[in-house]
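Below is one structure; the comments refer to it alone.
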Amino acid sequence: LHAMHDSDRMPIDASQICEPDKQRLATSADISGSPTMSSSTITAEGKTPDSTGSFVQSDAVVQGCRRNVSALPATPCQPSDPHSGSFTVEPGGRCSNPLSEASAGDVRARLSRAQELADNLLLSPIVQPEEAGLAQREAGDGPVYWQSFFIVWSFFCGYASLFGLQHFIKVRFGIKDDSSSASHDFGIATSVLYVFNLLFRFAHNVVFGCFSPRGRVYISVSFMMAAILTIAVRILLLESYHLGWVVLAYSMGGIAVGSFESNLLTCLTPLGHRTKHVAILGIPVGVTSVLVGIFFVMGPPFYVPVMAVYIVVAGINLAGMLLFMFCIPNIVVHPGVEVKGQLGVRKFASDLKAFRRWLPRLWHYPLAMTVDMFALSCFSPGVALFIYDNPTVDVWPRRLTMQTDTFFALYNTTNMLGGLLGRWLSYRLRPRHAMCYSCFTVLGIVLLLSRVPVLAPFSTFFIMLGDGLIYGTISRHVDTHVQKEFNLTAISCWLFVGDFGSVVGSNMISYVRDWVVGD
């Protein structure tokens, strides 16, 4: 242990403080008097640093140093040997060459701070050798699991088929797109997708509490496949046109989406920022693959029926689940503890009770997600489908006219490009508060409500750019500012608060339509 004098910064010999000599703690105090670490390592005999520079810490060494610091004489000593800096303590704790009272007070203060530092080291986490690889992956030095992109892409193909193809289901039911009670009832039936999505942002911790986060990913993908096949088989193939089937399918879809994101992100967190960054790029690509792809495969020259689209999407989800099962490693932080979360309701309740340890670092970030999700559900595409609902769209009056399907293919392509760019930038820009990126969301809404067709693709581009930046920024913030043990609960909280915006936005579409378009 080194205590520095302001004048000559002469160290006190550490060999008389920490025992044994092979196990010593080195700290220093700077000129201003605040303790700093000159070497924050505690080495045990036979242990050497691993490739990440981590050591196996010994509590016994720290405790031994603490006891010896406490045993220092009440009157600090001057060095008996100016060259070595060593001092001599006589029996009974008296110094053979005591310092002056002024110098002694300064040294006492420094030794007291050094003892506090030793106490703090007792509370620091123990770095085990088997955790070196985990720390390396979290720092971004490990391999990138590109399969995570296809896992997320496949799932969000399913999500997009639920909200993007619902018009085809409505046509099969023989319900017109007007202000009739049947049309409103159908809208309420499909809105349970967002309701259950909101509920299961947290409810997965209770309903599926006996499963690990990895097991919940399997469950959520299974629910997504069940929702899609209910539509494909029960409604489209067997022609059972009862609204209850729509409620059932969209409820299972909401359970799937509400349970999938938080648990998958939790499983990917130990694999490093780069793997998670690659994974979230699959969200806009998956949505656009369905929203744009259907205009090509269902039109000439393919004329693929919508039922076949649903079945193919269900098969894609099955392939994604198999990729997750065999290609994404199941990394645990400590033996017997699942990645970023333990099993059962007790862990969830424990995290909620300890909210002071994680919520103050997070609570204001999900508010940006609420604004973002409101814009996505209400304006991208949302109201745009009602503004441009004629067979053709005059993109540039008297110069360029497009078929509406072609126009929305272009619209959804720019939607994907905005989402990709936002997510790509979110891990490369200097960290900022997520609310800063809401300006792109507001700009996109203003461009759409201007009702200028040529600006519509730019409107969804900016909305999705803001969405990608907000989503990636919050994900990055959770990883770097929230303790790992609260990772799952923190992500669930973030997505739960954000989904209030999607619920409000989805139910506001008809009112915004009446305001913008009229009767």
Side-chain angles (χ1 to χ4, degrees), residues 148 151-152 155-156 159 193-224 251-271 276 279-280 283 324 333 337-373 376 434 467 470-504:
S148 61
I151 295 167
V152 175
F155 185 85
F156 277 86
Y159 184 33
L193 172 69
Y194 300 103
V195 174
F196 277 87
N197 182 12
L198 173 67
L199 294 176
F200 271 79
R201 292 301 191 188
F202 268 136
H204 69 86
N205 292 287
V206 178
V207 179
F208 306 131
C210 58
F211 297 95
S212 67
R214 191 175 182 90
R216 296 175 200 175
V217 173
Y218 297 135
I219 292 173
S220 59
V221 177
S222 299
F223 267 87
M224 178 59 72
S251 297
M252 290 191 293
I255 293 172
V257 178
S259 305
F260 178 79
E261 283 183 84
S262 56
N263 287 288
L264 180 72
L265 292 177
T266 294
C267 293
L268 296 181
T269 297
L271 304 181
K276 184 179 284 188
I280 65 176
I283 297 176
F324 180 75
V333 178
V337 179
E338 199 63 40
V339 178
K340 310 299 185 197
Q342 296 171 342
L343 305 182
V345 180
R346 290 185 178 180
K347 176 62 171 64
F348 178 58
S350 175
D351 288 352
L352 293 181
K353 289 180 181 179
F355 70 93
R356 291 182 180 86
R357 298 177 60 188
W358 58 271
L359 189 58
R361 304 179 182 182
L362 178 69
W363 69 269
H364 40 91
Y365 273 74
L367 299 179
M369 193 70 176
T370 304
V371 176
D372 171 54
M373 294 303 295
L376 287 182
D467 170 66
I470 291 170
Y471 192 101
T473 298
I474 299 178
S475 175
R476 183 180 177 185
H477 178 80
V478 171
D479 287 347
T480 55
H481 290 77
V482 177
Q483 297 180 38
K484 301 182 188 306
E485 60 182 298
F486 303 113
N487 186 274
L488 179 59
T489 303
I491 294 175
S492 299
C493 175
W494 150 37
L495 297 173
F496 174 78
V497 175
D499 275 334
F500 275 101
S502 63
V503 172
V504 174

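FYI, side chains are in, hydrogens and waters are out, and symmetry mates aren't considered; it's all heavy atoms of this structure.
Screening residues 490-500 for salt bridge (charged side-chain N to carboxylate O under 4.0 Å, His left out) gives R201-D499 as the qualifying pairs, with residues at least two apart or on separate chains.
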Problem set entry | Q483 vs W358, side chain to side chain contact (heavy atoms under 4.5 Å, CB included): CA-CA, chis, key distance, verdict | CA-CA 7 Å; Q483 297 180 38; W358 58 271; over 6 Å; no

Problem set entry | Trace of the side chain to side chain contact (heavy atoms under 4.5 Å, CB included) decision for V195 with L199 | CA-CA 6 Å; V195 174; L199 294 176; 4.3 Å; yes

For this session: Determine, stepwise, if the pair S492 / N205 fulfils side chain to side chain contact (heavy atoms under 4.5 Å, CB included).
Result: CA-CA 9 Å; S492 299; N205 292 287; 3.8 Å; yes

For this session: Give the intermediate values and the outcome of side chain to side chain contact (heavy atoms under 4.5 Å, CB included) for residues L271 and K276.
Result: CA-CA 8 Å; L271 304 181; K276 184 179 284 188; over 6 Å; no

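Taking both residues in full, the closest heavy atoms of P213 and L488 are given as CG-CD2, 4.0 Å, listed atom of the first, atom of the second, then distance. Between C493 and L359, the closest heavy-atom pair is SG-CD1, 4.1 Å. When all heavy atoms of R361 and H477 are compared, the closest pair comes out as O-NE2, 2.6 Å. Heavy-atom minimum distance, A368 versus I470: O-CD1, 3.9 Å. The shortest non-hydrogen separation linking L362 to A490 is CD2-O, 3.4 Å. For the residue pair I474 and A434, the shortest heavy atom distance occurs at CG1-CB, 3.8 Å.
With respect to W494, the ring-ring contact (aromatic ring centres under 6.0 Å, His included) criterion is satisfied by exactly one of F500, F202, Y471: Y471.
Between Y159 and F260, the gap from one ring centroid to the other reaches at least 6.0 Å. The distance between the ring centers of F355 and W363 does not fall below 6.0 angstrom.
With respect to K347 and E485, no salt bridge is recorded, no charged nitrogen being found less than 4.0 Å from a carboxylate O. Using a 4.0 Å cut-off between charged nitrogen and carboxylate oxygen, D479 and K484 do not count as a salt-bridge pair.
Annotation: the span from L198 atom CG to M373 atom CE amounts to 10.5 Å, rounded to 0.5 Å. In this structure, CG in D351 is found 10.0 Å from CG in N487, a value given to the nearest 0.5 Å. Rounded to the nearest 0.5 angstrom, Y365 OH and S475 OG are separated by 12.5 Å. The CZ atom of F223 lies 5.0 Å from the CD1 atom of I255; values are rounded to the nearest 0.5 Å.
Between the N263 side chain and the S259 main chain, a donor and an acceptor come within less than 3.5 Å of each other. Although no hydrogens or angles enter the test, the distance criterion places no donor-acceptor pair under 3.5 Å between the side chain of S502 and the main chain of G498. The main-chain N or O of V217 is found under 3.5 Å from a side-chain atom of S220 such that the two form a donor-acceptor pair.
Side-chain contact, H204 with R216: a donor N or O sits under 3.5 Å from an acceptor N or O.
For Y194, there are no side chain to side chain donor-acceptor pair (under 3.5 Å) partners at least two apart in sequence or on another chain.
Side-chain contact between I491 and T266 is present, with at least one heavy-atom pair separated by less than 4.5 Å.
Under the 6.0 Å distance and 45° angle rule, R214 counts as a cation-pi partner of F324.
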